[in-house]
Amino acid sequence: MIRWLALHRRIRGLIPAIVRNLQGCVWAVLVLAVAAILLLPLSANKCYLDEKALLVGGAQPSVSQTGCLDVCLTVHRQLLAAGTPRDFVSLVQDAAHAAAPFTAKLAFHQHAFSASLGGPLARSSSSSRSGSSFGGNSSSSGDPLAAGACRTLHTVVRSRRGEGSEGYLLLIPLNSSAPAAATLAAAAGVALAGHLQRSSWLAKDAVLLFADTASCTAEESAEAWMLAYSGPQHLFGFPRAGLLQQALVLEVAAAAAADGASSAELSVHGRGGLLPNLDLYFLVKRTLELHTSLPPVSLRAATAPPPRAATLAAAALASLASSPPLRLAPAAAAQRYASELLTAAAFAGQLAAGEATGAHAAFLSRQVDAATLVLRFAAAAEPGGGSRQAASSSVKAKQRAQLAASSTLTAAELVLRTFNNLQERLHHSTSLYVLVSPARFVGVAAYLAPPACLLLAAALQLIEARRATHAAAPGMADPSLRAATWKAAWLQVAAAHALASAAGAVTQWAGFWLAGTRPGKAAAALLLQQLLWPAAAGVAAAVGLPAAMAALQPDSGGDSGGDEQNSEGAQSSSKGSSKSSRQDGTGAIPVQRCTRVAGLAVVLLQGTRLLLNQWARCLALLLWVLPLYTLWPAGSCPAGTRGPRLRSGLLLLPLLAAGALLWRVGGTAPWLVPLVLPHLLLFGSALLSGA
Amino acid sequence: MQHCFCWLVLAALLSSRTSSAAYTEELALHALSDGSVLAHFEFSTAVPWQAAHMGTFPAVLLDVVRRHRVQQLELSLTQGRWVWEQQREVAAGPLHAAAGPQPPGLQLKVSFEDGAAQATQAAHGALTQALGGLLCADVATVPRLAVMAAPTVGWFAQPQPVATAAAQPAAGAASHSDDSGSSSSSGTGGQVYAWLAQESLCTENVAAWRRLLPCRHHAGLAALLHPVQLAAAPYHSLGLHLWVTPAAFGTSSSKGSVELRQVLTVVLPRPALQQQVEGQEAGLLASLFGSGPPGTCLAAGSTTVYLAGTEGGSTAQSAEANRTRSQAGIPGACKRLAVPAGTLLACDVAPLAPPSSKPRPQLPLSLLLLNSSGSGSGCSSGNNSCSCGAGSSVSESLARQRAVPVPPRVVQHVVQGGSTWGTLVVGTCVWAGAAPAAAPSLLHLMQLVPWQLLVDSSSVQLRLNGEVLQQHSPELAWQRVDARPDRTAVVEALLRLPTAAPAPAAADPDAGGWLEVQLAVSYRTAFVPVSDHAPDASRGVELPPAIATLLPPACANPSSTTRGSGNSSSRGSGRNDGSGAECTALAAPLLLRLQSSCGAWQQYSSSGGGTLVLLPLPDFSMTFNVVCFTSALLAVLLGGVANLLLRSPEEFADTHSTGGLSFWQKKKKRLLLFLPVLLVTLGLIVYLDKDMQRWVFSMLHVVLPHLRQGPEQHGEL
């Protein structure tokens, strides 16, 4: 107890010292924030499976036992032996015919769409059947959809005992301009469908989707298909599998290495910074490591390779850390640290840019956990010379095809089987992570440290500004003057917030109307709610909270004992000089205070809204608006002091950063721009006027 | 002496069997084109309402019925799905009325004599407790967890309400067009519908269900049921169907008798059948169920197996079938019966002679296989799409050729607009037939929506072949939307389908076609407190399947039956007339139903399975860690922010004290600052948490007895 009291006394003694040297503390915290960013890789953890129901490794692949592998190889060989180039539909059709005894009763549905419009064509879909009669009414050569249109073919493998309320999806992009890879992928897909039909473990319906990537990207195809799947059209003609819970995009491509070595690569980035659950990423990776002979899975951290300058800087940092003067770590560890730092930067940069790294983004944006797995094999490479038949019949080619088919089928089967084990959505692990390497990640608790340091620096800066203003404006000791100024400033901030939010809402919805979208009654109600929200916030803040805060403020009611020394001199000129004091720019204390109260009001009200299920929109607003209000400039600090100039300079940095980020995000999340832009403009104008 | 005693017991059993004859056992078998076999068991019994001796009727069940004044009850426990293509095959055969699909999980339909809401609620709660104990099922959780509502019509297999509406279309349209749906008086009497998706059918349910039979699993057709085989089947469903028949005129009691039908429908997979085909000596029942013919249940008046006839096949096929059948030798107990949809073979597998006198008849497996080849609908299982608006299909052409009934196809689909709103679409595809009928068919659509989704009653939209049906459209008899907060919403509509459907463009103009009815309703997600989420909250909310009841013109009289649920009463057969308080013999109810079917169907969407709707929810999978961690973090963060914003830097630095305030005055001042925050927080908690509201109200109710009751449980009527 005595020790505790002594510690408590020591801490209380430390606070005045901190307050006296606040500016130094601000700089220290800023340096700490930068250091925390650089030290992020050191706080990384190894990836692990948090959801135990996944049972990764609990089942052995059975594609060899059921004959699926043989069928795949046979189909692959037959398609290669035919030699004639095929378009997308005929490729899948021929593959299904070749595998007909194995994949009986397989019905494919064709969906055609326009890539430019993103929606279905006038005659959007037609059904075609596989198995004994694939021909059906599939598109003929005279079909207007055949030229320049994008197409998908999908089939649903129904579980024998499932209820049909949920399912998962396997998307296989086929590019007919790369026939070797497309042939292998089509053969694997068709054989896998037959294997799933025979599987007794199938508890959910499985969707097998082939996408034509010759004229559209896989992401466009997936987006158009999801649009049709989730739309109200074609209730009976479009086979569905209930609510899609997970999806895997399986790309088969030619080996990138010169020696033709096989490899596997995973992509997880969705649009707008969306990520799948970490369990999904790791289960795919772990499945490949456990059951295939492929090398360790690599990570596609960004669409573009890191700039050369960053690579050089990382190398220099690694050599500096392991060099004799410092010798902070062994060379290998330093090298790994530098590599992880580079990967983390690329991963975070891709997140901030909001750009996707694969076709799985279409599923992620519809709350379907998804990832893209790219398998590269030598068997999928185009033969350099000689006839294709010769290439397909050589012993080495057979071995390569065997390896490729086995790896592809095993990976697909076991990943889908893992999906099959889930009774709920993936929810044990997190979707907030930064991968620093294929096997290690930084969790949200760790990567929030740098922003927390920045926020702490901002808060300390506010306190410092308050202290400096107190010292510089003794004339504001008059309680009534301060209350009046405070109230006027508060009204200004509340009205500004309400106007900015209302302007944002109107601009956002005006964009929809101008784009030709006719929102229904629900959308109109949502707009009304958005308009009412800032109005209510403004009124509540201006009427309710100021009174409460005025009562709560220890130094605004006139009984503030700390102001006694100044009150005598101030009382004589208080009433007469109140107006002039408000005009000469000495109302900095109320402005700061009401700014803080505005921040608190935003926190409380938006937090309440958060609780009321508006969490997605609210979280975005909170993340954007709160720092702006917290960093609201002092406005009218006395000139000549060192603090305001420094503060204004510091505050320009987050403004510029926010503007830059908004510019990047605007490309992927345009709905956010009109909501945030008014607040940003308001903040900028206040900052400039204050400076 | 012991030998004599055995003979006495046997004689007593036989005499009781012949005197009452109120218990029958029936089994309908239909071989499907994919090799699987549909087997539908039906065990029927009855007892007078005021009988002192129960006979073969389960005494516990009768006590429950009497105590809670149950008028009608249907309970089903189902696992798996019976796909629409297989239903279509069965519908094309003579056993079309034997069984219908049931939705997965637990479905309970009850009608009470007392129609008051409070009495219904109480009786339903007590009834679920009793049924839960009777079937070893979690029926008792129905009032708390199930999607439960009191719809108007269309959900019992008894089609009387719909038929009544058909008989009085004008009056029905005028009196029932209540689309506001905000009133609590739904006028449904004491009817309750409940659906619990999470309840799966397990072997203990089957065992408890068999214990209600007089011979249990020791003899009779119930001895054929093996739990392991049932569990491996892609679809199996057991049910209890019970109803009270009115007494004859002039009797003292208003109730005549209580009839009970225990049904079990199973689709046996192909491997189980093919393994036994190799041994040709094995009989039909042994091949299907893996055991020999069961011992005779002495309490049963008849034990009959029905097989589809061969009328559907070509002449050559029939000749071949007859030739093979004569070679195989049809037991003398089998006889051919004509039903409206063809012919069927009825075989009595339990002759009245004592079991030891002669060997029981063996039904050859070839009977079933031949019948399947001849009476099959001709639909290959590859044709799995309804051709509603998408050209012709084999089923359509088949229906044109033979005018066989085609079950309606119902599809449920959720269009999620965002995380908090969406549209629920129910599509129904009805085969309108080639020839125009004299009177319009009636289609009743019902969709229940759980309380977690708030239905916008003004957004209900009905389309017939793509055209929006207005309020006063002649095709729309009436519609009703009951959308109240914290209650299961009910959307119902009754449509008169056109007599001649517009033919699809690609089809023969005079051949008729499909009618597509689409029901769309918008919803938004309600605020679901943590305590009201299901344990598997991340799975989403399960929407119950939509129910479509199709009533062709032939069923317009109330005596007709609904075949979809396979459990309709056989009142229309004239069996009950004048029965009075005496319990008449149930002369093969399944056969009566097959003979008197009118072609009505009750169909569930997507072969019975519901649809999942995602809810935005916090992650509370690791409650302790997550809550503790986040709470601590939020406390530190918000405490720091509040300190920063509410207290001056001088106070932080302690450079300026708060004047002459003493230590306790400072504490008091801080307490005064803290109290409003505490009160606001508590108010917010009580406002958001329904469980907390109930707790607070119950505590206040103790102090203030006259206080109004707190918020009710979700899912109440």
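Note on naming: letters A, B, ... go to the chains in the order of the sequence lines (proteins, then strands), and numbering restarts at 1 for each one. Source: prediction; values computed, not measured.
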Inset, instruction - Using salt bridge (charged side-chain N to carboxylate O under 4.0 Å, His left out) as the criterion, list what pairs up with A:R366, not counting sequence neighbours. - result: A:E223
Legend entry - Atom pair NE2 (B:H413) and CZ (A:F236), whose distance is rounded to the nearest 0.5 Å: 12.0 Å
Inset, instruction - Keeping the roles fixed (side chain from A:R161, backbone from B:Q79), state whether a donor-acceptor pair exists under 3.5 Å. - result: no
Legend entry - Under 4.5 Å from a heavy atom of chain B, the part of A:S200 involved: neither
Legend entry - Distance (rounded to the nearest 0.5 Å) between A:S165 OG and B:E542 CD: 5.5 Å
Legend entry - Residue pair A:L243 / B:T611, side-chain heavy-atom distance below 4.5 Å: no
Legend entry - A:P232 and B:Q518, any side-chain heavy atoms less than 4.5 Å apart: no
Legend entry - Side chain proximity check, B:R539 to A:Q423, heavy atoms < 4.5 angstrom: yes
Inset, instruction - Name the option with the most non-hydrogen atom pairs under 4.5 Å to chain A; the candidates are B:V414, B:L614, B:V425, B:V415. - result: B:L614
Inset, instruction - Specify which of B:G427, B:G105, B:G422 makes the most heavy-atom pairs with chain A at under 4.5 Å. - result: B:G427
Legend entry - Under 4.5 Å from a heavy atom of chain A, the part of B:A232 involved: backbone
Inset, instruction - Can you measure from CG (A:L235) to OG1 (B:T428) and round to the nearest 0.5 angstrom? - result: 9.5 Å
Legend entry - Heavy-atom pair count under 4.5 Å with chain B, highest-scoring of A:Q367, A:R240, A:Q245: A:R240
Inset, instruction - Check for a donor-acceptor pair, side chain of A:R160 on one end and backbone N or O of B:G80 on the other, with a separation under 3.5 Å. - result: no
